[in-house]
2 protein chains.
Amino acid sequence: MLSNRQLLILQVIIDEFIQTAQPIGSRAISKKNQVTFSPATIRNEMADLEDMGFLEKTHSSSGRVPSEKGYRFYVDHLLMPIDLSQRDEETISGVFNQGMVEFEQIIQNSVNVLSELTNYTSIILGPEVYATTLKQIQIIHLSKTTAVAILVTNTGHVEHRSFTLPKEINSLDLEKLVNILNDRLVGVPIIQLPQRLQVELTSILDHYIKDVATAFNYLKGALLDQQPSNLYVGGITNMLLQPEFSDVAKIHSLYSVIEQEEIMANILRSQNQGIHISIGQENKITEMQDCSLITATYTLKGQQLGTIALLGPKRMEYSRVISLLDRLSKDMTDTFHNW
Amino acid sequence: MLSNRQLLILQVIIDEFIQTAQPIGSRAISKKNQVTFSPATIRNEMADLEDMGFLEKTHSSSGRVPSEKGYRFYVDHLLMPIDLSQRDEETISGVFNQGMVEFEQIIQNSVNVLSELTNYTSIILGPEVYATTLKQIQIIHLSKTTAVAILVTNTGHVEHRSFTLPKEINSLDLEKLVNILNDRLVGVPIIQLPQRLQVELTSILDHYIKDVATAFNYLKGALLDQQPSNLYVGGITNMLLQPEFSDVAKIHSLYSVIEQEEIMANILRSQNQGIHISIGQENKITEMQDCSLITATYTLKGQQLGTIALLGPKRMEYSRVISLLDRLSKDMTDTFHNW
DNA sequence: GTTAGCACTCAACTCTTTCGAGTGCTAATA
DNA sequence: TATTAGCACTCGAAAGAGTTGAGTGCTAAC
């Protein structure tokens, strides 16, 4: 177990390193006024902390730098929750007090605000479809052989797909079909749409004219297309501001991972409820192993809707970031609740 | 005027520099087999070309590097149009042969393909609204006080806006209103919508019940909201691959310009029809003055619809890039023509 | 248990040297 | 007269040597 003195020293080192990104020496620590003992004592403690794996040296006569184990310990045991500054508080409230009704707007705003406040990269996974239900299907003809299918969900989200139609299908059949589908599918959770469509197909084949079934087959393709990945990213270029990413090659590999939205979406999707922190090697994606990822989920009736995340250097301002994410995810949960 | 020998030397230097990004010396030029004269002769010619402002030295005993005037001359007089390689040809055709009906898909694909083929950053300005017309307006209630307005254009583009409604308005009034609007506005170019809405408002106030007018006032806000900027960007991270952008600060300032979509959109919007090249200082935006921007427009019935652009170092592969843009803009023009 | 003292380490910086790819100029050549 | 060989010169880049200073670990004294 760590002594109180060791805890204090570890905390001072990590706090300081988060600010400066420079190795911390014994003399610098001894100057802190919470610290009453001499540099020599601190050096002894630091050597012990290093033996235990909480600290590292960049070279044999350098100051100490936190190891990943050190960050992990810091996050698990030393972190004091801090209250948000008034500015942070107001900025976040601002997002929710503009009377916006579309969740895209709210999320887009949140992403921007988060990355501005923190100087890290913020990533939000939009509400998963399984919590939203179908409000209405519309089909609008563009020409004889093309049409747009529009799905509206109860959250005000609009999805649309264009598709081609064979000439044999007349618009009356199509209209009939849309009416049938609306009758039967409104209120169905989006996630269940594919199965429900299968069921309806059989039923329609049994009860209605063949032409409608044909139209249905065409429409189905448009409706079943996989969902777009629903991922919002802000402040990617903030990474360039961090001294640990002055290496162009490093940044490039990180960017190419973020660009592949499916990868990020999967990571965020698989997060457990609440706030979760992955530090360095704890991240599965190699390119992210110089980073920390902090995620928070937002929910509707206890069910997980989506995820808010911040990606930054391991040397993150953990406590502030946690407060920010906590606050934002709660506000987001509230907003969806009041829908 | 430049002698043939000077033209040849200038061309060799620029071609070579585009490949290597290294200053070119007289000996290297003399080794090219189109070149029959000695390094000493070449040095004399290079000194003259430098006096005329087409070449520069990075330091007093270095090889030569093209100046911006040099690139401009190269682009205006030395560029030989080259045929696209089979691979380029096929990749571009691929975008248009997938039977996609939504222009968003086509443009998104084009942006990706362009940046992959060139390793530069590609930017496309989507079809301007003035060439598209309204196909249909739909209003869908989400709750008592919220609704989504959906606009569909003849190109299959779907715009939607959520808005809040006061309780006094019943859905019957709203439906009436939508019918009136559809009757009067279908076929109207999107760009004229704002004015036309004003006209209709007066007319509605004169002829219809007051409640409809109130509903209209609410809806108007949603419909008149400024258009989203319609800009598609691909391969931003490609800039990191160019040796001239190994400086993180430079990249960061360039990125922050690209991030401000309105700036880029305005640049692309103001381009003249056809292919246009801005080299270095010719760009108005300071942050882009280390870059070249090549733009090509696509049209519908002679009217400019949008712009395709590539942003890269001044040392661009001009001839290949021009062929690519030329081909893509033609294919895009054709696609919109066949709509 | 704590700390002063001291020898030691190493990155970062500066200064110097060396190397070589390049130049410009002059004088010889075709 | 236009071209070229030859040569002295320039300067960046790389490699090596010396200096500095912030840091360490260890020992012995308090």
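Whole-Å rounding puts the A/H59 NE2 to D/dG21 C1' distance at 11 Å. Rounding to whole angstrom units, CG of residue B/D48 and P of D/dA2 are separated by 12 Å. The nearest whole Å value for the distance from the CD1 atom in B/I42 to the P atom in D/dT4 is 9 Å. Between the CD atom of A/E45 and the P atom of C/dT3 there is a distance of 11 Å, given to the nearest Å.
Between A/E282 and A/R72 a salt bridge is recorded (basic side-chain N to carboxylate O distance below 4.0 Å). A salt bridge does not link B/K250 with B/E287: none of the charged nitrogens is closer than 4.0 Å to a carboxylate oxygen.
Under 4.0 angstrom from either OP1 or OP2 of C/dT3 there lies at least one side-chain N or O belonging to A/T41.
Using modelled atom types and a 3.5 Å distance limit, the side chains of B/S110 and B/Y232 yield no donor-acceptor pair. There is a side-chain donor-acceptor pair under 3.5 Å between B/Q242 and B/R315.
Geometric assessment of B/K314 against the ring of B/Y71 yields a negative cation-pi assignment under the 6.0 Å and 45° thresholds.
For B/E50, the side-chain hydrogen bond (donor to acceptor under 3.5 Å, both in side chains) criterion is met by B/R64, not counting sequence neighbours.
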Using a 4.0 Å heavy-atom cut-off to protein, can you give one letter per nucleotide of nucleotides 22-30 of chain C, 5' to 3': B if the base is in contact, S if only the sugar-phosphate is, - if neither? BBB------
